[in-house]
Protein chains: 2
Amino acid sequence: MFSLAEENYLKTIYHLEQESKGGVSTNAIAERMETKPSSVTDMVQKLAEKKMLSYKKYKGTTLTSGGKKIATQVIRKHRLWEVFLVDKLKFHWDEVHEVAEQLEHVQSDKLITRLDAYLGSPDFDPHGDPIPDKDGYVKPTEKKLLSELKKKQRGVCVGVKETSSEFLQYLDKKNITIGTKMQVLGKEFFDGSMIIQVGKDQFFISKIIAENIYVQTN
Amino acid sequence: MFSLAEENYLKTIYHLEQESKGGVSTNAIAERMETKPSSVTDMVQKLAEKKMLSYKKYKGTTLTSGGKKIATQVIRKHRLWEVFLVDKLKFHWDEVHEVAEQLEHVQSDKLITRLDAYLGSPDFDPHGDPIPDKDGYVKPTEKKLLSELKKKQRGVCVGVKETSSEFLQYLDKKNITIGTKMQVLGKEFFDGSMIIQVGKDQFFISKIIAENIYVQTN
DNA sequence: TCCAATATTTAGGTTAGTCTAAATATTTTT
DNA sequence: AAAAATATTTAGACTAACCTAAATATTGGA
Ligand SMILES: [Mn+2]
Ligand SMILES: [Mn+2]
Ligand SMILES: [Mn+2]
Ligand SMILES: [Mn+2]
């Protein structure tokens, strides 16, 4: 029904919409997709014809409900495959994304239904991101950035913002993964850096790190 | 490295080479791929430039060892995914092919290594076809067509030639699957039809059916 | 052998998705 | 409010993979 390129555009536009609440600019799409703005204009016009998004020249785009439907299904597939790779094939969480980028485009309703059941209908992927249900519904999430916690506050790691290998490997080195409990022991006002307690270890993290870890407080 | 179209051509040419022992004609490829001979000529010339096959105008093509390598790897992936779909996701053997056609193009050495291990390094796919190893080696198979058996001979079903849903569903109805033991009770010289014993049932099958079931005798 | 049928290639065109360069619109600065 | 900077679109081209129609080669039968 939709080509690989079309699916990737819809997915990217969906993510950008979530991030910035509102219409998405041509340049933002181009940058995220590592392509040229002129290519984006072409594709956006095509997707507008297909009623997947609304588009006014020079004004940016917004997905229609149809476009959101496609986007969330692709995201659902991406995240379910990531769970498969980590849970069943024992991939490390920092090496599943590229493979999932390919698997997310395989077309088969039955496949995804069965895969979901086989994995035990997981709610989150290995990076803590929620898996949309068959109807594209995503549970509103209750999480904040570690950098928002104050001294003495505790939290449980529920996800990461940055998902590069480098960052995920850093977290591994510090024994931080989904479900890890942590507490802010000290916070430097000047640069936002923190001392945190993880298990029996205490160590220093920069603001950059703290801004890329999602935690749930209770 | 190779596009989806290129992989499909190499795979098809490999299969045709196996079937007819010798160079493969442009028209044979076109027919099998449901495309036009002129398109085949284009692609074959491109693949010849890439040293994946040898090609002399009007004389047909033969895969080089490089081409065979690519082809067998795609076939390996196809068949491993078919095993996954049947063994793990409980697909029926008549509905895995289309999905495997897509999955076979996912590029990741680690994925296929892990998948193979996860499935217990199977030697055959759900249709009884052998799974090439990492080096493309396929065990020479010891099988014959049910239609070649003489009266009174026994055999075990080890595969099927035809893999359409219709045929596979017919086999299911008759309780014939990989591993099923059968014996020829009678054979009609005139049309090649047979009466066979399968479990506690005896029934008539036409020559067409018998020519699409592979058996191993012992 | 030679001709008609068949197989194959070539020529030229199409579509999807990309690009660069140029034109135009919008936004920011002065 | 204009000029300058930035964002976006348009125009024109390119490649991969396909197609149709026409040209050319091969082959099997009289
Ligand atoms: Mn991912
Ligand atoms: Mn993820
Ligand atoms: Mn198959
Ligand atoms: Mn098979």
Side-chain angles (χ1 to χ4, degrees), chain A residues 1-14 16-17 19-63 67 70-71 74 101-102 104-105 107, chain B residues 1-14 16-17 19-63 67 70-71 74 101-102 104-105 107:
Chain A
M1 197 60 184
F2 289 91
S3 70
L4 188 144
E6 288 172 331
E7 286 192 348
N8 281 333
Y9 272 95
L10 291 171
K11 184 181 55 150
T12 300
I13 295 166
Y14 178 88
L16 288 168
E17 251 178 34
E19 288 167 27
S20 43
K21 298 293 173 198
V24 178
S25 77
T26 299
N27 273 11
I29 300 168
E31 185 173 2
R32 184 65 63 91
M33 301 197 57
E34 298 182 73
T35 185
K36 300 293 169 185
S38 54
S39 305
V40 173
T41 301
D42 278 356
M43 182 58 95
V44 146
Q45 288 175 346
K46 182 161 60 139
L47 289 171
E49 299 235 319
K50 293 194 178 186
K51 308 276 186 227
M52 289 300 109
L53 48 79
S54 68
Y55 165 71
K56 286 262 184 46
K57 269 190 194 180
Y58 296 100
K59 298 302 180 194
T61 67
T62 317
L63 293 184
I70 301 297
V74 174
E101 283 292 306
Q102 300 179 61
E104 72 187 7
H105 300 290
Q107 305 278 8
Chain B
M1 198 62 183
F2 290 91
S3 71
L4 188 145
E6 289 171 330
E7 287 192 348
N8 281 333
Y9 271 95
L10 292 171
K11 182 181 58 152
T12 300
I13 295 167
Y14 178 88
L16 288 169
E17 252 178 32
E19 288 168 26
S20 42
K21 298 292 172 198
V24 178
S25 77
T26 299
N27 273 12
I29 300 169
E31 186 173 1
R32 185 64 63 89
M33 301 198 56
E34 297 182 73
T35 184
K36 300 293 169 185
S38 53
S39 305
V40 173
T41 301
D42 277 357
M43 182 59 94
V44 148
Q45 288 175 345
K46 182 162 59 141
L47 289 171
E49 299 235 318
K50 293 195 179 186
K51 308 276 187 229
M52 289 300 110
L53 47 80
S54 68
Y55 165 71
K56 287 262 183 47
K57 269 191 194 180
Y58 296 102
K59 298 301 182 194
T61 67
T62 318
L63 292 185
I70 301 297
V74 174
E101 283 292 306
Q102 300 180 61
E104 72 186 8
H105 300 291
Q107 307 276 9

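First the proteins, then the strands, lettered A, B, ... as listed; each starts at 1. None of these values were measured; they are calculated from a predicted model.
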Under 3.5 Å between N/O atoms: give me all the protein pairs with nucleotides 18-25 of chain D, atom names plus distance.
residue	atom	partner	partner atom	Å
dC18(D)	N4	D42(B)	OD2	3.2
dC19(D)	OP2	T35(B)	OG1	2.8
dC19(D)	OP2	K36(B)	N	3.2
dC19(D)	OP2	S39(B)	OG	2.5
dT20(D)	O4	S38(B)	OG	2.9
dA25(D)	O4'	Y58(B)	OH	3.3

Taking only side-chain nitrogens and oxygens of N27(A), does any of them come within less than 4.0 Å of OP1 or OP2 of dT8(D)?
yes
Which pairs with one or both residues in residues 20-42 of chain A pass side-chain hydrogen bond (donor to acceptor under 3.5 Å, both in side chains), sequence neighbours excluded?
E19(A)-R32(A)
Spacing of F2(A) atom CZ relative to dA16(C) atom P, expressed in whole Å
14 Å
For atom CD of E31(B) and atom P of dT6(C), their distance in whole Å:
14 Å
Separation of I29(B) atom CD1 from dT9(C) atom C1', in whole Å?
14 Å
Distance, rounded to the nearest Å, where N8(B) contributes CG and dA16(D) contributes C1':
14 Å
Using modelled atom types only, decide if a donor and an acceptor are shared between the side chain of E17(A) and the backbone of L63(A) within a distance under 3.5 Å.
yes
Would I70(A) and Y14(A) count as a side chain to side chain contact (heavy atoms under 4.5 Å, CB included) if you check the C-alpha gap in whole Å, the side-chain angles of each, and the deciding distance to 0.1 Å?
CA-CA 10 Å; I70(A) 301 297; Y14(A) 178 88; over 6 Å; no
Just how far, in rounded Å, is C1' of dA16(C) from NZ of K50(A)?
10 Å
Measure from the side-chain heavy atoms of K59(A) and tell me the nearest of dT9(C), dT26(C), dT8(D).
dT26(C)
Between CE of M1(B) and C1' of dA16(D) the distance, given in whole Å, is 17 Å
Please name the pair of heavy atoms, one in Y55(A) and one in T61(A), separated by the smallest distance, quoted to 0.1 Å.
CD1-CG2, 3.5 Å
Just checking T26(B): base, sugar-phosphate only, or nothing, at a heavy-atom cut-off of under 4.0 Å?
sugar-phosphate
List for me each residue that meets salt bridge (charged side-chain N to carboxylate O under 4.0 Å, His left out) alongside K50(B), sequence neighbours excluded, and say none if there are none.
E6(B)
Can you tell me how far P of dC19(C) sits from CE of M33(A), to the nearest Å?
10 Å
What are the two closest non-hydrogen atoms of F2(A) and Q107(A), and how far apart are they?
O-NE2, 3.8 Å
